[in-house]
Amino acid sequence: LHNPLSRDMAFMRNSLLPGLLLATAYNENRQEKGFNLFEIGAIHNSTTKTETGSKEKFQLGMLWYGEPALHWRKYENRDLYHCKGKIEKLLAACGISQISFKPVETQGFSNALKIYSKKTQIGIIGIPEKAIIKQYELKHSPIIADLSLHSLRDLWKNRKQNYKSPPQFPATSRDIALQVNRDIPAEELLKTIKKDGGDHLKKVSLFDVYQSTDVGETQKSLAFSLQFQSESATLKDAEVDSVMSKILDSLQKAHGAVQR
């Protein structure tokens, strides 16, 4: 800028994430143990197609930081998978569906996932690389996410609204623990479960990931909770057991998953 308000504001920013990391360092230095931050704002990228030489875009930046928060039963872990679930819930609340995550190697992140709705990339979530943590003098590694508001706006405008009356019949739940190769993403197992769960499968969630020599050096254990519900009758145990058997058979054939 030709006339910046201060030395710190002499350049147009091209990301919201440095500001969130500065705010994290500020709060950490004041003994804050765990917190979430977000910012909605404009960023600028260099271009030769405008008179100003800059293209403006609006982004949503989010950050999860710090020590686990005490829950009534256990500690709430702020890991990448927990924050991934937070983003899924946020997007679902906005009417944006078919969310998927794909691992990616990209500058600035030690571990990152691209976020998609169908084939549209929405943003990225991940853990900053160690050099960045050191640069901001942070004691803990936060989880950060950067989402395009332009992509979110277009998806929201084209969303389909469906309304259903509240269910009259009770739901029933089943939990399964699966042992699989560590290289298999949980996202692939979720796809198989949903594909073979049928119309009565209403909800699937991953609630535990366990890696130890107990399950083998190349193996991991994933635990899922499945919720079934019918809109016309109370489901019988035999009906749910039949669907569960089909799901487990597909998981074994497609991914080599073994029920623990």
Side-chain angles (χ1 to χ4, degrees), residues 16-17 20 24 34-41 58-104 109 111-127 141-164 166-167 171-176 185-195 197 199-209 222-229:
L16 299 181
L17 301 183
L20 289 172
T24 300
F35 50 86
N36 305 330
L37 302 173
F38 81 94
E39 181 182 359
I40 294 174
F58 283 86
Q59 300 286 116
L60 167 62
M62 293 182 285
L63 181 145
W64 296 263
Y65 169 86
E67 298 176 4
L70 183 62
H71 189 262
W72 70 272
R73 186 174 60 177
K74 61 180 181 179
Y75 280 96
E76 174 195 29
N77 293 317
R78 285 192 177 94
D79 60 13
L80 184 58
Y81 300 103
H82 172 85
C83 300
K84 170 177 168 283
K86 292 290 187 181
I87 287 182
E88 286 182 293
K89 288 184 178 180
L90 171 65
L91 296 174
C94 297
I96 299 173
S97 60
Q98 298 187 40
I99 306 302
S100 63
F101 298 82
K102 296 181 180 179
V104 63
F109 290 89
N111 190 5
L113 301 168
K114 284 185 178 180
I115 309 166
Y116 291 86
S117 174
K118 298 181 182 178
K119 295 183 179 180
T120 301
Q121 184 180 342
I122 300 171
I124 191 169
I125 180 173
I127 303 170
S141 297
I143 309 295
I144 54 178
D146 191 14
L147 280 70
S148 166
L149 286 182
H150 297 274
S151 296
L152 292 176
R153 178 197 59 195
D154 292 340
L155 290 167
W156 182 84
K157 285 167 60 179
N158 296 323
R159 76 196 189 286
K160 293 181 179 180
Q161 293 280 47
N162 295 315
Y163 298 92
K164 292 183 178 180
T172 183
S173 297
R174 293 284 192 278
D175 292 344
I176 53 173
E187 189 78 21
E188 295 301 316
L189 300 177
L190 280 168
K191 287 179 181 178
T192 300
I193 293 172
K194 291 176 181 178
K195 178 173 68 71
D199 295 335
H200 293 155
L201 178 61
K202 302 301 181 183
K203 184 179 179 181
V204 186
S205 58
L206 172 67
F207 67 87
D208 186 54
V209 179
L222 304 174
F224 296 90
S225 178
L226 288 70
Q227 186 180 88
F228 298 89
Q229 191 171 34

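Both backbone and side-chain heavy atoms feed into the values below; hydrogens, waters and symmetry mates do not.
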In Å and rounded to the nearest 0.5 Å, what is the [atom1] to [atom2] distance from [X] to [Y]?
X      : Y      : atom1 : atom2 : value
Cys94  : Lys89  : SG    : NZ    : 14.5 Å
Asp146 : Glu39  : CG    : CD    : 10.5 Å
Tyr65  : Leu37  : OH    : CG    : 10.5 Å
Ile122 : Ser100 : CD1   : OG    : 8.5 Å
Leu60  : Ser151 : CG    : OG    : 12.0 Å
Lys195 : Leu190 : NZ    : CG    : 13.5 Å

Residue that, paired with Phe109, satisfies side chain to side chain contact (heavy atoms under 4.5 Å, CB included) out of Val104, Ile144, Ile127: Ile144
With side chain to side chain donor-acceptor pair (under 3.5 Å) as the rule and sequence neighbours excluded, what pairs involving residues 112-125 come up? none
Do the side chains of [Y] and [X] get nearer than 4.5 Å, heavy atoms only?
X      : Y      : answer
Leu91  : Leu152 : yes
Leu226 : Phe228 : yes
Leu113 : Lys84  : yes
Leu147 : Met62  : yes
Arg153 : Phe58  : no
Leu222 : Asp208 : no
Ile125 : Trp64  : yes
Thr192 : Leu189 : no

From CA spacing to verdict: side-chain contact (heavy atoms from CB on, under 4.5 Å), Ile115, Ile124: CA-CA 5 Å; Ile115 309 166; Ile124 191 169; 5.7 Å; no
Return the minimal non-hydrogen interatomic distance between Ile87 and Ala145, and the atom names on each side. CD1-CB, 3.8 Å
Nearest atoms (heavy-atom pairs only) where Leu80 meets Gly126: CD1-CA, 3.9 Å
side-chain contact (heavy atoms from CB on, under 4.5 Å) evaluation trace for Ile193 with Leu201: CA-CA 9 Å; Ile193 293 172; Leu201 178 61; 4.0 Å; yes
Go through the steps to decide whether Ile40 and Gln59 satisfy the test side-chain contact (heavy atoms from CB on, under 4.5 Å), and finish with yes or no. CA-CA 6 Å; Ile40 294 174; Gln59 300 286 116; over 6 Å; no
List for me each residue that meets salt bridge (charged side-chain N to carboxylate O under 4.0 Å, His left out) alongside Arg174, sequence neighbours excluded, and say none if there are none. Asp237, Asp241
Residues which pass salt bridge (charged side-chain N to carboxylate O under 4.0 Å, His left out) with Lys202, listed by chain and number, not counting sequence neighbours: Glu231
Give the intermediate values and the outcome of side-chain contact (heavy atoms from CB on, under 4.5 Å) for residues Thr172 and Gln229. CA-CA 6 Å; Thr172 183; Gln229 191 171 34; over 6 Å; no
Does a sphere of radius 6.0 Å around CG in Asp175 hold more than 12 heavy atoms from other residues, nucleotides or ligands, not counting ones at 6.0 Å or beyond? yes
